[in-house]
A.B. asks: 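If you scroll down you'll find the structure; I have some questions about it.
Each chain gets a letter, A, B and so on, in the order its sequence line appears, and its residues count up from 1. Quick caveat, the model's predicted, so the values are computed rather than measured. Because only heavy atoms are used, hydrogens play no part in the values below, and waters and symmetry mates are left out as well, while side chains stay in.
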Number of protein chains: 2
Amino acid sequence: MSVQERKQRERASRERLIVATARELAEQQGWDAVTTRRLAERIEYSQPVLYSHFRGKREIIGAVALQGATEMAVAMRAATAAADGPRARVTALARAYLAFAERHPAVYDALFQLDGGLAYAREDTPEPLKDAFAALLECLSEVAGDGVRPELFTETFWASLHGLATLTRAGRLPPEDTARRTELLVNRLAML
Amino acid sequence: MSVQERKQRERASRERLIVATARELAEQQGWDAVTTRRLAERIEYSQPVLYSHFRGKREIIGAVALQGATEMAVAMRAATAAADGPRARVTALARAYLAFAERHPAVYDALFQLDGGLAYAREDTPEPLKDAFAALLECLSEVAGDGVRPELFTETFWASLHGLATLTRAGRLPPEDTARRTELLVNRLAML
DNA sequence: TCGATTGTCTAGCGGTGCTAGGATCAAACC
DNA sequence: GGTTTGATCCTAGCACCGCTAGACAATCGA
């Protein structure tokens, strides 16, 4: 029995290696550079091995996205926990969100821009994704304002941050005024 | 001379055909389906002909984006012109923007999601792009509020709409509440 | 009429995601 | 202990991608 268990462990470890390598490659050179050939070479296995762990490239992106969601939730909670009062919390959240997107562009893409084959905003949504949304919700609920469903407010606030993050990174918005735009968003959207 | 002119006309006409066909194909089956081979087949020329008009696929996307920018500017101005008062104008603008993104997803992608090799938010930004932003600016200036640069307000409002549009279309936000989110955005961001 | 130019095509390069089928090797059974 | 069985992994290859070199035909200017 112990032999089988060892093999299972090794298999699980190799799967983690694949995800970590894919993520590393994506952060270094962008997702376009993450080809099955390059990925296979880096983990020192042949291409078909990837397909014994994942259905295809899409699922690998999905795996990176799930990892990223967990980390994002942690980052959001850490940022808000360190802040005092609703206003400071929302500001910290917004800044932390944009910082995460800027510092981990590949993970952010896997989460919100690419197709990782994951279900969002549904009952069968994977737990890490639900939890990342919950982390936003926890902070934003207290500033949603009267008569506005916290979920709806969170979605809207999140979408605004997402727009800022993506347009800035794609060179559609000049990066200098990011802080001022963020401030404007917080001032106007949050009911303090 | 007239022969040369005729040839120039024919060449220009073929270029329009390429852009129109690329756009059509993208609207029907998504940009992934727009391959140089398929595109060449549809216009009934060989692949290299495309490269005598455009440097590559990226430039074709860029051409579709410029077309789209012009149409978007027209659509935004039409929507705001038909509305009475600042509030109605902003609401109309927001709805028209999201409607445009939903009805012309491929054009929207070419404009704001894909790399068409265009410069944004700079001096050398192509005129259609500047004008599309100007169309937003015209409407949003009057609700920017005191002490807020209209350009900065427009960028922020635009980014929020962009976030809503992309997250909704990518299945990250449930589509049912789009109207309510839009309403919330207008109510909070615009100073009426 | 003859070279030069222009326009277009066929064929092919190196790359992509993905898979069929064969080799290898360890565990299980007689 | 030798044989069979099953899991594991790799080589090789498919159809497709963006893009381009080089051959060929048609047209133009002298």
A.B. asks: What's A:Arg11 touching, base or sugar-phosphate or nothing? Going by heavy atoms closer than 4.0 Å.
C.D. replies: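 It contacts nothing in the nucleic acid.
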
A.B. asks: I want to check one thing: is the phosphate of C:dC18, taken as OP1 and OP2, less than 4.0 Å away from some side-chain N or O of A:Arg58?
C.D. replies: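 False: A:Arg58 side-chain N/O out of range (4.0 Å or more) of C:dC18 OP1/OP2.
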
A.B. asks: Just call it for B:Arg38: base, sugar-phosphate, or nothing, with non-hydrogen atoms closer than 4.0 Å on any strand.
C.D. replies: sugar-phosphate

A.B. asks: In whole angstrom, what separates A:Glu41's CD from C:dG17's C1'?
C.D. replies: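 Distance check: A:Glu41 CD to C:dG17 C1' gives 17 Å.
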
A.B. asks: Whether the B:His53 and B:Tyr45 side chains hold a donor-acceptor pair (N or O, under 3.5 Å, no angle test) is what I'd like checked.
C.D. replies: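 Their side chains do not contain a donor-acceptor pair, so the 3.5 Å distance test is not met.
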
A.B. asks: Would you say B:Thr35 places a side-chain N or O within less than 4.0 Å of OP1 or OP2 belonging to D:dC17?
C.D. replies: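 Result: yes.
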
A.B. asks: On the nucleotide C:dG12, are OP1 or OP2 found under 4.0 Å from the side-chain N or O atoms that B:Arg37 carries?
C.D. replies: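 The answer is no; no side-chain N or O of B:Arg37 sits under 4.0 Å from OP1 or OP2.
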
A.B. asks: To the nearest Å, how far apart are B:Lys57 NZ and D:dC19 C1'?
C.D. replies: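 Atom NZ in B:Lys57 sits about 12 Å away from atom C1' in D:dC19.
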
A.B. asks: Can you check the A:Arg14 CZ to D:dC10 P distance for me, whole Å?
C.D. replies: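 Rounded to the whole Å, the gap is 8 Å.
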
A.B. asks: Which atoms of nucleotides 20-26 of chain D (N or O only) lie under 3.5 Å from a protein N or O atom, and what are those distances?
C.D. replies:
none

A.B. asks: Is there a path from A:Tyr120 to A:Leu66 through hydrophobic residues (I, L, V, M, F, W, Y) whose side chains come within less than 4.5 Å of each other?
C.D. replies: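 Looking at the clustering, A:Leu66 is in the same group as A:Tyr120.
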
A.B. asks: Rounded to the nearest angstrom, tell me the gap between atom CG in A:Leu39 and atom C1' in C:dT16.
C.D. replies: 14 Å

A.B. asks: Nearest-Å distance, CG (B:Leu50) to P (C:dG7)?
C.D. replies: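 Nearest whole value for this atom pair: 16 Å.
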
A.B. asks: For the residue pair A:Tyr108 and A:Tyr97, is the inter-centroid distance of their aromatic rings smaller than 6.0 Å?
C.D. replies: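 Aromatic pair counts; centres sit under 6.0 Å.
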
A.B. asks: With no hydrogens and no angle check, just 3.5 Å: does a side-chain donor-acceptor pair link B:Arg87 and B:Asn187?
C.D. replies: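 The answer is yes; a qualifying pair exists.
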
A.B. asks: Is it true that, when you exclude A:Arg180 itself, more than 12 heavy atoms of the residues, nucleotides or ligands shown sit nearer than 6.0 Å to its CZ?
C.D. replies: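 For A:Arg180, atom CZ is not crowded (no more than 12 foreign heavy atoms under 6.0 Å).
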
A.B. asks: Heavy atoms from C-beta onward define the side chain here; which of C:dC18, D:dT27, C:dT8 lies closest to that of B:Ser46?
C.D. replies: C:dT8

A.B. asks: Atom CG of A:Asp32 to atom P of C:dG15: distance rounded to whole Å?
C.D. replies: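 Taking CG of A:Asp32 and P of C:dG15, I get 15 Å after rounding.
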
A.B. asks: For residues B:Phe153 and B:Trp158, establish whether the separation of their ring centroids is below 6.0 Å.
C.D. replies: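 Ring-ring flag for B:Phe153/B:Trp158: false, centres at least 6.0 Å apart.
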
A.B. asks: I need the NE2-C1' distance between B:His53 and D:dG18, as an integer number of Å.
C.D. replies: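 It works out to 18 Å between those atoms.
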
A.B. asks: Whole angstroms only, please: what is the CD1-C1' distance between B:Ile43 and C:dT8?
C.D. replies: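 The distance from CD1 of B:Ile43 to C1' of C:dT8 comes to 12 Å, rounded to the nearest Å.
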
A.B. asks: Please determine whether a side-chain nitrogen of the Lys or Arg among A:Arg77 and A:Glu71 lies less than 4.0 Å from a carboxylate oxygen of the Asp or Glu.
C.D. replies: no

A.B. asks: Can you tell me if the side-chain N/O atoms of B:Thr36 get under 4.0 Å from OP1 or OP2 in D:dC19?
C.D. replies: no

